[in-house]
Each structure stands twice: as C-alpha cells, then as structure tokens.
There are 4 protein chains.
Amino acid sequence: METVGQVTERSDKREAILAAALELFAHKGFYGTVMPEVAERAGVGAGTIYRYFENKEALVNALYRHWKSIWLETLMKNYPHEAPPEERFKVFWNRATRFVRDYPLAFKFLELHHHAPYLDEASRALHEKGCEAGRVFFEEAERLRITKAYPPELMRAMTWGMLVGLVKANQTGGLELTDAVLQQAERCCWDAIRS
Amino acid sequence: METVGQVTERSDKREAILAAALELFAHKGFYGTVMPEVAERAGVGAGTIYRYFENKEALVNALYRHWKSIWLETLMKNYPHEAPPEERFKVFWNRATRFVRDYPLAFKFLELHHHAPYLDEASRALHEKGCEAGRVFFEEAERLRITKAYPPELMRAMTWGMLVGLVKANQTGGLELTDAVLQQAERCCWDAIRS
Amino acid sequence: METVGQVTERSDKREAILAAALELFAHKGFYGTVMPEVAERAGVGAGTIYRYFENKEALVNALYRHWKSIWLETLMKNYPHEAPPEERFKVFWNRATRFVRDYPLAFKFLELHHHAPYLDEASRALHEKGCEAGRVFFEEAERLRITKAYPPELMRAMTWGMLVGLVKANQTGGLELTDAVLQQAERCCWDAIRS
Amino acid sequence: METVGQVTERSDKREAILAAALELFAHKGFYGTVMPEVAERAGVGAGTIYRYFENKEALVNALYRHWKSIWLETLMKNYPHEAPPEERFKVFWNRATRFVRDYPLAFKFLELHHHAPYLDEASRALHEKGCEAGRVFFEEAERLRITKAYPPELMRAMTWGMLVGLVKANQTGGLELTDAVLQQAERCCWDAIRS
DNA sequence: CATGAATGAGTTTTCATTCAT
DNA sequence: GATGAATGAAAACTCATTCAT
C-alpha cells in the first residue's frame, strides 16, 4: 500500500507539473515561461521538476507528445476507414471540435509549438503523421470526386486553418463555441472543400 | 547629395534594425530573440538599437505597427466601398494574398504577436480596427443575403483562418503559393462563406 | 540545532550582503559600487543578492534603514527626558560618539546618503524624525535659557556638523578618537551652543 | 579678430562645460553624472567635452582644482598674517561664508569630492594645503592661549564641520543664510574654539 | 525522494568615448 | 574645431539548473 501510495503520488506530481506547464506554455510560450513558476503552479519544489523531466526542453517535448497523442487518438480511435469521405469528414470535424472544446488550452499549446526549434525529432514525427493523414484523406476524396480537385495540401491547410481560426476567435472572447456555432462552422468548412 | 546620403544612411540603420527584428521575431518569437542577435543581423552595434528604440518592447511595438499599418493600407487603399460584396471579397482576397506573398515573414510576425502581453494599447487598437472591418463586411453581406446567415465573427474567424492556414502550409514548405493555388484558395474561401 | 543552524546560515547570508554593501557604499557611494563586487565581498553569488533584495535601490534602502534605526535607538533608548538639558546633551554626545566609534563606517554611510534620490519615503521619514528630535531639544533648551537664543535649526546643524567633522578627520587618518579627544570635542560643542 | 573670436568662443565652451559639470557633479556625484547630460546642459556636443578634457576624470579634477583654487584664494588673498588670531578667525569666517553664499554649489561639490579615488595627486595636494593652513592657525592660536589647548586637527575638524553643517542645513531648505544667521554661526564657532 | 536556496551564465540596457562628417 | 551617431565593454538583473539538507 505504501508503494502504491508512493507511485500514485509520484504520478500525481508528474501530472501536476504537466498541467501547470500546459497552462503557462500555452499562454506565455516556451521562452516566456520560467521554471519556478511552473513549479509553483504545480505545487512542487523547483528542483522536483528535474526528477521527472531532464530539463525545460524535455518538459515541453513530453507535454507536446502527451497532448499530440491524445489528439491523434481522439481523431483516429475507431476511425470509420470504410465510410464515405463526407461522413468521415463529419467524424473528423466532430472529434476535432470536441477536443477543442474539452481541451482548448491543449489545442492552443499544440498549435503554438508545432514547428518550434526545441521540439525533437519524435515530436515532429508525431505532427507530420497527422498532416499526412489529412493529405491522404483529401487525395482519396478527390479521387472519388467528393472534394475539389485541388492540391491535397491546400485542402488540408485550409481545413486546419478554419479550425484554428475558430479556436482563436473563441480565445480572444469574440465567439462562444456553442453546438450551433460548431455546426455552422462545419457547414462552412465542408462547403469550402466539397466539389 | 551629401545631406541626402546622411539622411539615407540614418534611415537605413533604423530600417536595418526593423528588418533584422522582423526575421528574428517571426522565427523565434519575442522572448526567444536576443538583442545582440538583432544587432548583428542588422549590422550595427548592440547599443545602436537603443538610439532608435527605447527598449525591446518598444522595438516589437514599432515593428508591429509598421507592418500592421502596411497591411491595413494594402487592404483598404481605394477600397471599392460601393461594389457588391462578392467583388469586394475578391479585392480583399487578392490584396491579402499579394501581401502574404510579398511579405510572408511580416504576415507571420503579425499573426504570431496579436494579443501578446508586450503589445501596447496603440498596437492593439490597430489590430482591433482590422477585425472590426471584417465583421462589418460580413454584417452587410449577410443583410444582402450574399453570405451565410451565421455570426459575422464566425465568418471573419474562418476566412482569416484559411489565410493563415495557407501561409503556414507555405512556410513549412508543403505548398507553393502560385497564382493557381491562390485562386483555388479563393474559391474555397468563397464557397465557405457564400450563402 | 539543525534548524537553528539553517536559520542562522540564512540570516548570515543576508547579513553578509548588508555588511559588504555597507563597506562599499560608504567608500565608493551608490553609483560607484557594482553589485558583483558586493556579492564577492559578501562571499555569495551575484544572483543571491536578488533573493534577499529586490534590486540595488532596495538594498541601499534596507541598509539605510537598518543603520538609521540602530542609530536612533542608540540615541533614544532610555533617554532621560526629564533631566536638565545640559545633562541630556552629555547623554546625547556620549551615545553619538560611542556609535561613531563602534560603527564609523555606518555613520559615514548614513551621512553620505541622507537626501539621496534613490532613498524612498520610509528612509527619508526616518531621517527627518532624527532631525526633528534635535530641533525639539534646542527649542526647549532655549526656553530654559540654557543654550543660545538662536534658531534651533542652526544649533542642530552646527552640533551635527561638529560630529561629522570629527568622524571625517578620524577617517582621513588625522585624528584618533580617544576618550580624551571625545571629551574635548564635547567641551567644544557645548561651548558652541550654551548661552 | 577672428582669432580673438575663436579664442573667446573656445573659452566660453570650456566654461560652459565646467559650469554644467559643477551642477551635475554637486547634485548627483561623479558616477551618477553621465557625460552626454553634461554636454547637453553645457550646450555643446558630447564629443566637444573631449577637446577640452581628456576624459571624465580629467574633467572632475579640473573642476576640483578650479574651485579649490578660488576657495583658497578667497580665504588667503591679503590675509592679515600679523593680525591677532581672533581677528584672523573673523576674516576667515567672513570669507568662507561669503564663498559659501556666493557659490553654494561649488562648496558642496568640493566637500563631496575631497577624498574621492578619482582625484589625482595635484588635486589632493591642494586640499591638504588648505587643511595644513588650518592646523597652523590653531597651533599658533593655542600658543597664544587664545584658543583651547586641544589638538589642532580636532579644532580644525570641528570648525570645518560647523561650516559644512551650515551649508547642508541651508541646502536641505531648513535654514536661510542671512547675515544675522551667519553672525550667530560665527559666534557659536568662536565659542567652540576659544579658550 | 523532495525541496528551495544558491548559483553564474546569459540577458537587457547604459554610457564613456571615438570618429566620420 | 565641433558634432552627435555609433560603439562595445560593463552594468544591473534573470533564470535554468544544481545540490545540501
């Protein structure tokens, strides 16, 4: 029981640090965030962070991978590979907006750090994997004449851009992400890409 | 001619600092950029920056206002206020993409720094002015049943998001912004918003 | 004992910084003293000073208040308010010269920094409190015809001046502050002010 | 005439620099004063100072010697070496207070810098010369049983201290140096030293 | 294991001095 | 000679990281 307790506590601290880091990195960026503040917000000593993460870069990479994995899993779990593109887009949009609404900070954090110089290869690979999935989708949808016959990367970029635009408008306080708004946004997005 | 030479050289130095700062702030962000690097890239001494800008914050604000003004002017000069929304959208899109293609770094810089805590009131006001113009456009276009009857802020957010998505795809190397691509993007964007 | 040890050591560091700052500020003034030198003389890292004092100004103010408080306490503790002025002057003179002999550097530091632009309100108030006490003494002594019927501020200024003159002569090496000399000085001072 | 004009102008600039430096050094000290401010207040270019003074140290030394010479001349010109000490003291006191009243800033500057590390040998020698004259006076006055049989350096220190105390009280705004006050001060001072 | 005081390398910023005009 | 823009060495201060407790 002691061991369990310790393990739990150990995990708790790691989670607390990741949670604190998420908030600070999302709001102030990597260089704008100072480690003692992460520690304070996590309720641990400054030195404790270094028991769980080798240094600041390792922390941001762990955080990135943590949320990027959740993001990819959210989008991909039980993905209806065989369904028609239109339906698959709906699934994608619903899952993406659900994530965005549940974890707005995590989405902001990911979006802010995608091409940061302090991300390592593994983190970058994870990102590229997601992009690639998007392009594959648009290649197939185009072949089926469902979406416009434009470069897949263009389609992916614009779809992604709309999602990001939505989140930013939400975060600057100008747009509440109600179900109605999310459906309207989906309609816009689909209109943008459908043939 | 000597006088002209002096004046030019003086301007050149300020301009060189702004150009260097643009590149570094766009790539590494505000906190990730160190002043001696700005100086070195500008080809001036470290102290020289402080003859032209009171401190790092003043520099980033001057840079923001500089490019935001050019951006707003690019979009608004001789704007055909009386033309039908569809045509005005074309004008907006063409001007925006021209700016994006001519000054991709400036666009990235602006996009990266909206809402940053080190921007002062004047800089923020300039940004809000642009957003407001967007919303006004969509309000009117909606009244004329040209665009979807959705919240103007949603429409603005998604339009803006597509532009940003385009730029990011371009900068990560996956998408060249040829005339054809830009026209395709315009088509997507218009389809997204039209009723 | 361990706890005591820690507390002591913590206090020791702050104390060491104050001691180093006293010596340097007294000898070289505020602007002539550089923080790394304070750190080195205190035997701590440069950054450590900033754990105890917010900045250089906070350090000089803390130091000023520290010694000014000791000075005021030295003069005022168990002050014989009811004794005749002549005796009270003796008490004042003895206490002042004792302080001057025990802490010559502190006296020099205080004298050098009265009215400095970097002293804050609290520090200045402490100084004014001492001056006021001096004037009150001379007002009363004058009413009793013990001292000259001259402006109290003049009397205070000259008494204070003699003390300062004594310390300066001592510090430039020309005058040792033996008991005999201090008594002679007291005699001079009393002759100067008595009616 | 051109040459004369130039020479005059040259002198004017040097004077202007010395005047500006006096005010700034007296108020803010050596390290607290920055050269461009001296130049601005003198109404000359920053580089111009270096045509007249090799560097900041040379400037402060020139200024010190300038005023110390005037001070010594003021006290010593037509000095009544043969008059009785009491009268000589009167002369000294009157001349000193006249200087103090005419050039309070210069007196403050001299007093502030007497033992500064950036003063060179020549400047220090000038100071020592004045001190020596004071001691000689008290030695003789003591031999004649006019003043107290105390160490001359003590007498000098206290006399000097009273003068400085007077000036400081005046500069902090608490004491106006009217003729009456100066005479009262003289009386105090003489009472302090006379046997 | 956990801590947080301590560190010093690295940052922003200042300023005495130079030198092209 | 006079200037003041330019400089870079040195200042104040910050912060990622360590290590004694």
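Proteins get letters first, then strands, A, B, ... in listed order; numbering begins at 1 in each.
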Give the nucleotide from the list E/dT3, E/dT17, F/dA16 with an atom nearest to the side chain of D/N55.
-> E/dT17
For residues A/W67 and A/F107, establish whether the separation of their ring centroids is below 6.0 Å.
-> no
Under-4.0 Å side-chain N/O to phosphate OP1/OP2 contact, D/Y52 with F/dA2 | yes
From the options F/dT7, F/dT3, E/dA16, select the nucleotide whose nearest atom is closest to the side chain of B/V44.
-> F/dT7
Quick one: which of E/dA16, F/dT17, E/dT11 gets closest to the side chain of B/V34?
-> E/dT11
Compute the centroid of each ring, for A/Y31 and then for A/Y118, and state whether the two points are separated by less than 6.0 Å.
-> yes
D/F53 CZ to F/dA2 C1': how many Å, rounded?
-> 15 Å
Does NZ or CZ of B/K56 come closer than 6.0 Å to the centre of the six-membered ring of B/F30, within 45° of the ring's axis?
-> yes
Quick one: on DNA chain F, does C/Y31 or B/A46 contact a more 5' nucleotide (nearest heavy atom)?
-> B/A46
Which whole-number value in Å describes the distance from D/M35 CE to F/dA5 P?
-> 17 Å
Using a cut-off of strictly less than 4.0 Å, decide whether B/Y50 has a side-chain nitrogen or oxygen near OP1 or OP2 of E/dT14.
-> no
Consider only side-chain N and O atoms of A/H113 and A/K68, and report whether a donor and an acceptor are under 3.5 Å apart.
-> no
Kindly say if A/R51 contacts the phosphate of E/dC1, meaning a side-chain N or O under 4.0 Å from OP1 or OP2.
-> no
Heavy-atom nearest nucleotide on DNA chain F taken for C/T48 and for A/G47; more 5' hit belongs to C/T48
